[in-house]
Novice: 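Here it is, the structure in full.
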Amino acid sequence: MTSSIQQGAAELDAADPLARFRDRFVGAASDLVYFDGNSLGRPVAATADRLTEFVEKEWGGRLIRGWDEQWMDLPTTLGDDLARVCLGAAAGQTAIGDSTTVWLYKLMRAAVDHAVRTDPDRTELVIDTDNFPTDRYVAEGIAAERGLTLRWIEVDTSEGVTADQLREAVGERTALVVLNHVAYRSAWLADAPELTRICHDAGALVLWDLCHSAGAVPVALDEWDADLAVGCTYKYLNGGPGSPAFGYVNARLQDRLTQPIQGWMGHADPFLMGPGYTPAPGMRRFISGTPPILGMVAMQDMLALVEEAGIEAIRAKSVALTSYAVELADATLPEVTLASPRDPERRGGHVTLHHDRMREVTALLWERDVIPDYRDPGGLRLGLSPLSTSFDEVERGMAAVAEALR
């Protein structure tokens, strides 16, 4: 069987059915090597025209009328598009707006409050020690706020939460479990259907963080019977710096949860301006303040590209790119260890390479227009965005890593 290295980058790019999408991204044709698409995606070229048109025609031309004509419903209509294209979720369960942190707070707090109301003995919030920092910090704050106990799952930073570990952690006291679909450090791809079943068998709710999977790894929230999910839109969804996050609430839970940040946009009649709060029906009750419309404009072009390419084809390209990076590391970086799963079925869209000098190496690479990122302990993280990254880019970048280490 011919390895990717034997084929070479040029041959791999020539055979890549998604290679044509690369030209649709700003800067992709430059010599810069971009290994940080899982932190901030390149802008889609068409977005410049979309933003200009929005400023001149929708914002500048329609002014306040835009709220009645489109903007008021954009958090849920765009949320439905995202759900259809990337999340495997039916309409009416996803909304866009707020930051990832705010969505995490709203949905975690709503979940634990519901669990305690239903069963006062459910006083534990389960989360792993290598979950993304924001998730852990929000969980710590909610536990202190509500008098709950945090139950920690100790995980290997080169892996993630396994089914056996989760079974040991959950039980009759568990209110909520918070899990990453793709671990931010190692790229460990969780067995979401199995882990969701384990939580439900224990009578607990589960919240999935999709920040490192949405747009790169197929997600099937409805099929998993997931309860809640949160994700950002500036990584593989290319919405731009600080573009608004999304929240998913399974339809069976929407009218049973009370979201804690009761803002006017989540009211049943936002313009009634009455003395009390009456939550809107369905997903709209989970919206709080005025939606960041300008921040939703850019992601529309990327969603269109993801839909055109197909999430399964994107995943196949992602696996090919990360596998190529692993092969090159094995062949050219003998002093480096792989801090990500070697099995591509257990690996998300990035690869982490470990060496004690990687912080210094990252700084050297940035000076040479090779842009990975660094994660302790000693991890060089290669975020390979499938639609904008070529095999040639991976080859040139890995050669630069080898040179920097020398």
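Values below: every heavy atom of this structure, side chains too, minus hydrogens, waters and symmetry copies.
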Novice: Are Arg375 and Tyr184 side-chain neighbours, meaning at least one heavy-atom pair lies under 4.5 Å?
Specialist: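 Touching, per the 4.5 Å side-chain cut-off.
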Novice: So is Arg346 actually on top of Trp188's ring, under 6.0 Å and inside 45° of the axis?
Specialist: yes
Novice: Go through the steps to decide whether Arg42 and Glu393 satisfy the test salt bridge (Lys or Arg N to Asp or Glu O under 4.0 Å), and finish with yes or no.
Specialist: CA-CA 14 Å; Arg42 289 183 182 272; Glu393 193 173 7; 3.7 Å; yes
Novice: Might you point out which heavy atoms bring Ala404 and Leu364 nearest each other, and give the distance in Å?
Specialist: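 Heavy-atom minimum between the residues: O-CD1, 4.1 Å.
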Novice: Step by step, would you call Phe271 with Trp264 a ring-ring contact (aromatic ring centres under 6.0 Å, His included)?
Specialist: CA-CA 8 Å; Phe271 293 99; Trp264 78 296; 5.4 Å; yes
Novice: Should we say atom CD of Glu172 is surrounded by more than 12 heavy atoms from elsewhere, each under 6.0 Å from it?
Specialist: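 No, because the 6.0 Å sphere around CD of Glu172 holds 12 heavy atoms or fewer from other groups.
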Novice: To the nearest 0.5 Å, how far apart are CG in Asp191 and CZ in Arg197?
Specialist: 7.0 Å
Novice: Decide side-chain contact (heavy atoms from CB on, under 4.5 Å) for Leu179 and Leu195; before the verdict, give the C-alpha distance in whole Å, the side-chain angles of both, and the deciding distance to 0.1 Å.
Specialist: CA-CA 9 Å; Leu179 296 166; Leu195 298 188; 4.0 Å; yes
Novice: Compare all side-chain heavy atoms of Arg146 with those of Val116 and state whether any distance is below 4.5 angstrom.
Specialist: no
Novice: When you measure from the side chain of Thr47 to the backbone of Pro43, do you find a donor-acceptor pair of N or O atoms at a distance under 3.5 Å?
Specialist: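 No, Thr47 side chain to Pro43 backbone: no donor-acceptor pair under 3.5 Å.
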Novice: With side chains defined as the heavy atoms from C-beta onward, is the minimum distance between Tyr248 and Asp222 less than 4.5 Å?
Specialist: yes
Novice: Does the pair Arg20/Glu308 count as a salt bridge with the N-to-O cut at 4.0 Å?
Specialist: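 So Arg20 pairs with Glu308 through a salt bridge.
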Novice: Please check: side-chain N/O of Glu124 versus main-chain N/O of Thr149, any donor-acceptor pairing under 3.5 Å?
Specialist: no
Novice: Within the distance-only criterion (no hydrogens, no angle test), does the side chain of Ser288 pair as donor or acceptor with the backbone N or O of Ile261 below 3.5 angstrom?
Specialist: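 Answer holds: yes.
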Novice: Quick one: does Thr76's side chain have a donor or acceptor within less than 3.5 Å of a partner on Ala95's backbone?
Specialist: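 Not at all, since once roles are kept as given, no pair shorter than 3.5 Å links the two residues.
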Novice: Go through the steps for Arg109 and Asp113 under the test salt bridge (Lys or Arg N to Asp or Glu O under 4.0 Å), then give the verdict.
Specialist: CA-CA 6 Å; Arg109 172 69 186 274; Asp113 285 355; 2.8 Å; yes
Novice: Which heavy atom in Glu140 sits nearest to a heavy atom in Leu150, and how many Å separate them?
Specialist: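 Minimum heavy-atom separation between Glu140 and Leu150: CG-CD1, 3.5 Å.
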Novice: Quick one: do Asp68 and Arg65 make a salt bridge, cutoff under 4.0 Å?
Specialist: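 Salt bridge absent between Asp68 and Arg65.
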Novice: When you check the gap from the basic side-chain N to the acidic O, do Asp80 and Arg84 get nearer than 4.0 Å?
Specialist: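 Judged by the 4.0 Å cut-off on N to carboxylate O distance, Asp80 and Arg84 do not form a salt bridge.
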Novice: Can you check side chain to side chain donor-acceptor pair (under 3.5 Å) on Thr157 and Asp130, steps first, answer last?
Specialist: CA-CA 6 Å; Thr157 59; Asp130 203 43; 5.6 Å; no
Novice: Before we go on, tell me: are the rings of His212 and His350 under 6.0 Å apart, centre to centre?
Specialist: yes
Novice: Check the pair Phe286, Leu228 against side-chain contact (heavy atoms from CB on, under 4.5 Å), reporting the backbone distance first and the verdict last.
Specialist: CA-CA 12 Å; Phe286 296 95; Leu228 307 159; over 6 Å; no
Novice: Could you pull out the closest heavy-atom pair between Leu328 and Glu395, with the gap in Å?
Specialist: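 Smallest heavy-atom distance, with atoms named: CD1-CA, 3.9 Å.
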Novice: Taking everything shown except Glu194 itself, do over 12 heavy atoms lie less than 6.0 Å from its CD?
Specialist: yes
Novice: As a quick check of understanding, evaluate side chain to side chain donor-acceptor pair (under 3.5 Å) for Ser39 and Arg381, giving each step before the final call.
Specialist: CA-CA 10 Å; Ser39 288; Arg381 197 173 65 161; 3.1 Å; yes
Novice: Using only atom types and a distance under 3.5 Å, with no angle test, would you say the side chain of Asp13 pairs donor to acceptor with the backbone of Ser390?
Specialist: no
Novice: How about Asp201: does its CG atom have over 12 heavy atoms from other parts shown lying under 6.0 Å from it?
Specialist: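 Correct, the count exceeds 12.
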Novice: Going by distance alone, is a donor N or O of one side chain under 3.5 Å from an acceptor N or O of the other, for Tyr105 and Glu145?
Specialist: yes
Novice: Quick one, Leu382 and Met398 - any side-chain contact, counting heavy atoms below 4.5 Å?
Specialist: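 A side-chain contact exists here, since the closest heavy-atom pair is under 4.5 Å.
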Novice: Between Arg22 and Ser388, is any side-chain donor less than 3.5 angstrom from a side-chain acceptor?
Specialist: no
Novice: Can you tell whether the side chains of Arg252 and Asp225 come within less than 4.0 Å, N to carboxylate O?
Specialist: yes
Novice: Can you give me the closest heavy-atom contact between Val219 and Cys86, atom names plus distance?
Specialist: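 Heavy atoms of Val219 and Cys86 come nearest at CB-O, 3.5 Å.
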Novice: Check whether the side chains of Ser243 and Thr233 place a donor and an acceptor atom closer than 3.5 Å, and report yes or no.
Specialist: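 A donor-acceptor contact under 3.5 Å links the two side chains.
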Novice: State plainly whether the residues Glu335 and Arg357 are in salt-bridge range, i.e. N to O under 4.0 Å.
Specialist: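 Salt bridge absent between Glu335 and Arg357.
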Novice: Using 4.0 Å as the upper bound for N to carboxylate O, is an ion pair formed by Lys106 and Asp98?
Specialist: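 Here Asp98 pairs with Lys106 in a salt bridge, since their nearest N and O are under 4.0 Å apart.
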Novice: Do Leu384 and Val394 have side chains that get closer than 4.5 Å, going by heavy atoms?
Specialist: yes
Novice: If you apply the rule side-chain contact (heavy atoms from CB on, under 4.5 Å), what do you find for Val361 with Leu365, and how did you get there?
Specialist: CA-CA 6 Å; Val361 166; Leu365 291 170; 3.7 Å; yes
Novice: Should we say atom CH2 of Trp152 is surrounded by more than 12 heavy atoms from elsewhere, each under 6.0 Å from it?
Specialist: yes
Novice: Using only atom types and a distance under 3.5 Å, with no angle test, would you say the side chain of Lys317 pairs donor to acceptor with the backbone of Thr389?
Specialist: yes
Novice: Which heavy atom of Ser213 sits nearest a heavy atom of His181, and at what distance?
Specialist: OG-ND1, 3.1 Å
Novice: Does a side-chain N-to-carboxylate-O contact under 4.0 Å join Glu53 and Arg50?
Specialist: no
Novice: Can you find a heavy atom in the side chain of Ile153 that is under 4.5 Å from one in the side chain of Ile127?
Specialist: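 No; the side chains remain at least 4.5 Å from each other.
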Novice: Would you find a donor on one side and an acceptor on the other, under 3.5 Å apart, between the side chain of Ser340 and the backbone of Ser186?
Specialist: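 Such a contact is found between Ser340 side chain and Ser186 backbone.
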Novice: Could you check if a side-chain atom of Thr362 sits within less than 4.5 angstrom of a side-chain atom of Arg359, using non-hydrogen atoms only?
Specialist: no
Novice: Verify, without hydrogens or angle tests, whether Gln165 (side chain) and Thr162 (backbone) share a donor-acceptor contact under 3.5 angstrom.
Specialist: yes
Novice: Would you say the side chain of Gln7 lies within less than 4.5 Å of the side chain of Phe391, judging by non-hydrogen atoms?
Specialist: no
Novice: Any donor and acceptor pair, going by atom type alone, linking the side chain of Arg122 with main-chain N or O of Ala175 inside 3.5 Å?
Specialist: no
Novice: Would Arg342 and Asp330 pass as an ion pair if we require N to O under 4.0 Å?
Specialist: yes
Novice: Between Gln70 and Thr77, does a side chain to side chain donor-acceptor pair (under 3.5 Å) hold up when you go through it step by step?
Specialist: CA-CA 9 Å; Gln70 180 183 4; Thr77 58; over 6 Å; no
Novice: Kindly check if the number of other-residue, nucleotide or ligand heavy atoms within 6.0 Å of CZ (Arg24) is above 12?
Specialist: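 Yes - once you tally the heavy atoms of other residues, nucleotides and ligands closer than 6.0 Å, there are more than 12.
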Novice: With sequence neighbours left out, which residue pairs that include part of residues 32-60 fulfil the ring pair (Phe, Tyr, Trp, His ring centres under 6.0 Å) condition?
Specialist: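 As it turns out, the ring pair (Phe, Tyr, Trp, His ring centres under 6.0 Å) pairs with a partner in residues 32-60, which skip direct neighbours, are Phe54-Trp71.
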Novice: Return the CZ to CG distance between Arg347 and Leu338, rounded to the nearest 0.5 Å.
Specialist: 7.0 Å
Novice: For Asn180 versus Trp208, what's the shortest heavy-atom pair and its separation?
Specialist: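 Of all heavy-atom pairs spanning Asn180 and Trp208, the closest is O-CZ3, 3.7 Å.
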Novice: Under the criterion side chain to side chain donor-acceptor pair (under 3.5 Å), I'd like the reasoning laid out for Tyr137 against Asn131: C-alpha separation, chi angles, the key distance, then a yes or no.
Specialist: CA-CA 10 Å; Tyr137 303 158; Asn131 206 303; over 6 Å; no
Novice: Taking Ala320's backbone N and O only, do any of them form a donor-acceptor pair with Ser323's side chain (distance below 3.5 Å, no angle check)?
Specialist: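 Checking the backbone N and O of Ala320 against the side chain of Ser323, no donor-acceptor pair under 3.5 Å is found.
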